[in-house]
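Below: one structure, written as structure tokens.
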Protein chains: 2
Amino acid sequence: MNIYDVAREAGVSIATVSRVINEKGNVSSKSMQKVNDALKKLNYSPSLLARALTVKSTHTVGVLTIDIRDPYYAAIAYTIEQEFYKRGYNMMLCNTGGSEEKKIEYLNALAQKQADGVIIVGSSFGGGRADDFLKEYAQKIPVVYINGYSEIKDVHFVICDDRRGIELMCEHLLKQGKKHLHYIQDDITFSAYQKRQGFVDALKRHGFPDGNKSITETGAGVNAGYEAAKKIFQTPCDAVVCGEDLTAAGVLKYINEFSIPAVVTGFNNSYLCEALMPPLSSVDNRVGEVACSAVEVLDAILSGKTAAEKTLITPRLVLR
Amino acid sequence: MNIYDVAREAGVSIATVSRVINEKGNVSSKSMQKVNDALKKLNYSPSLLARALTVKSTHTVGVLTIDIRDPYYAAIAYTIEQEFYKRGYNMMLCNTGGSEEKKIEYLNALAQKQADGVIIVGSSFGGGRADDFLKEYAQKIPVVYINGYSEIKDVHFVICDDRRGIELMCEHLLKQGKKHLHYIQDDITFSAYQKRQGFVDALKRHGFPDGNKSITETGAGVNAGYEAAKKIFQTPCDAVVCGEDLTAAGVLKYINEFSIPAVVTGFNNSYLCEALMPPLSSVDNRVGEVACSAVEVLDAILSGKTAAEKTLITPRLVLR
DNA sequence: CCTATTTATGTAACCGCTTACATTTTCTAT
DNA sequence: ATAGAAAATGTAAGCGGTTACATAAATAGG
């Protein structure tokens, strides 16, 4: 069933049907009525595919995440969906698993399916092959990056200052009198390196010039944290700063198990923090605000307005 | 840029270009070469929108979840994405928040955008307004339900026997000598009622006819579990069976805080179980298998094969 | 009452692709 | 060399909408 059927049923032309559907152009109340009746009678639903072909807008956006099972990405995706739903857009969820090839393939697919825009959440440190690709890509379809490497041209950025977040946490711990901070980096994203840098900077500023030596690199997840803890506590350490709540949970488990007198802190302020014993202090990286901003930026671009090239959001500590 | 540009560049007709792109029909190696050169030179990428208009397939599927932040839905979405990616499909993620209206709106949007199929994860208990809607809907576009109310016609079902899962857990606890089991229902989905029923059944079968009186209904999340625990332990209770790991985490927190001699069990076997102290025994509801099966079923339908109307997957206990 | 505007409607071209069908070219067998 | 079959190619008609433009109807002004 198509617009011709409706036109026939209503006894008008397809142009008139199109006009009443889109509430665009002039149409007499008489034929308006006839068309509406026909629409109802036939229970007609227009093909957005065909529509998109001529209006050049699908009202679909792509969202690239690294791992949707990670509460951080899930929370971002959640908010993005909500915000775009309000605005009449649908969301294509593209989970890359961190693979640059998959990322590129997805970006291509989104272009071919004429997504109106894309939001990329999290990126590798920069210089990845996707970065070059994006330079051209972003000229064809608007891209906003959440917590991504920010030297790419024509891409908009919404960034939570994760580096500052870790700095704040370190400063807090030092103020508490902790002497031997250790950092666990569990990822190799842009954001992960920022955090690491925050740790090094904070320590340096407080008279510990070689913070770099107090860093452990692991994989992601609770077990990784647990395993890391085994090594960390072989040397003196009274505070473990983690780049992720999950990692912190693993360290905490170890600490509890062996009654080690050290404190652990997390990052992301996920629901996990409340669930653990003792509750976990964490850096709130403002997932909701970040996602909202990203949607606002993209929506502005899609509406023909200009949007901030770079939006910086400040994290805050949640001490428990 | 379109297929005409490529045709002109290659000096052939658009039909020939189309043939080489889709590797369909006969084309001489000579013009094959010319077209491929043109494709490369122009860096052409066909519009899948236009293509879909005539071939009637978008290679896009919709996935409806209730809350993507919930690790259960996230895990399902994760696997669905992976499996469909392999098969060349993209995924529209539609998070309904449990609203039947939003569910219907999303289903309509998917139909208008000509999604090839949809997977719905989790449903209300049945009789919701979306159920009626689905009866008609499923005749137009294939629907497979994961853990959904299963009396709807023309809809395929992949169901983990959550009821049996809770039964197994209860039987285990009873065998351990527990005398006062209590159940916490934290949701009002189809699956949640199944679990509840499993609890009642198991108790009845072991000589506790009024298990219904030992059930607390709460909202979702760690805090809800914690609050529920306050009431539960006002009367004798040595085992709390939860319908969700998160709820269990809340109860566990309470138990630890007040050193209550009771055991808690969860459901979903999420990473949380390992993170908690003591580790949480949980029902593994086979998220991966369920999601894989759903994709297989939908893929079969889309490939014109016949698929199982109903797939039942058996949960298992993970005791820690 | 007639002309000038405004408002309403319809026709046809276009969006960018696929594909049935017609036509031309190439190949095979006589 | 030639008829017939097979292979290659092109033309044009969709797919289901939107919209520029032309035309017709309604309204306004003199």
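Since we're looking at a predicted model, the values are computed, not measured. Excluded from the calculations below are hydrogen atoms, water molecules and symmetry mates; all remaining heavy atoms, backbone and side chain alike, are included. Chain naming here is simple, since letters A, B, ... match the order of the sequence lines and numbering starts at 1 in each.
One side chain, A/Asp116 or A/Ser57, offers a donor N or O that lies under 3.5 Å from an acceptor on the other.
Nearer the 5' end of DNA chain D, as judged by each residue's closest nucleotide, is the contact made by B/Leu53, out of A/Ile21 and B/Leu53.
For the pair B/Lys56 and D/dG16, the criterion of a side-chain N or O lying under 4.0 Å from OP1 or OP2 is met. In terms of phosphate contacts, A/Asn26 brings a side-chain nitrogen or oxygen within less than 4.0 Å of OP1 or OP2 of C/dA8. Close to C/dC15, at under 4.0 Å from its OP1 or OP2, lies no side-chain N or O of A/Thr54.
Each of C/dG10, C/dG16, D/dG16 was ranked by its minimum atom distance to the side chain of B/Ser47; first place goes to C/dG16. Picking from C/dT9, C/dT18, D/dG17 the nucleotide with the shortest atom distance to the side chain of A/Thr16 gives C/dT9. Among the nucleotides D/dG17, C/dT11, C/dA8, the one closest to any side-chain atom of A/Ala15 is C/dT11. Each of D/dA8, C/dC15, D/dC15 was ranked by its minimum atom distance to the side chain of B/Ser28; first place goes to D/dA8.
Ionic pairing of A/Glu136 and A/Lys140 is not present here: no N-O contact between side-chain nitrogen and carboxylate oxygen is shorter than 4.0 angstrom. A salt bridge is defined here as a Lys NZ or Arg NE, NH1 or NH2 lying under 4.0 Å from an Asp or Glu carboxylate O, and B/Glu105 with B/Lys102 fails to meet this definition. Using a 4.0 Å cut-off between charged nitrogen and carboxylate oxygen, B/Arg8 and B/Asp5 count as a salt-bridge pair.
In this structure, B/Ile14 reaches the bases: a heavy-atom distance under 4.0 Å links it to at least one base atom across the strands shown. Contact annotation for A/Asn2: backbone-only contact, meaning every heavy-atom pair under 4.0 Å involves sugar-phosphate atoms and none involves a base. Counting any heavy atom pair closer than 4.0 Å across all strands shown, A/Ser18 reaches a base atom.
For the pair B/Tyr4 OH and C/dT18 P, the computed distance is 11 Å after rounding to whole Å. In this structure, B/Leu48 places its CG atom 14 Å from P of C/dG16, rounding to the nearest Å.
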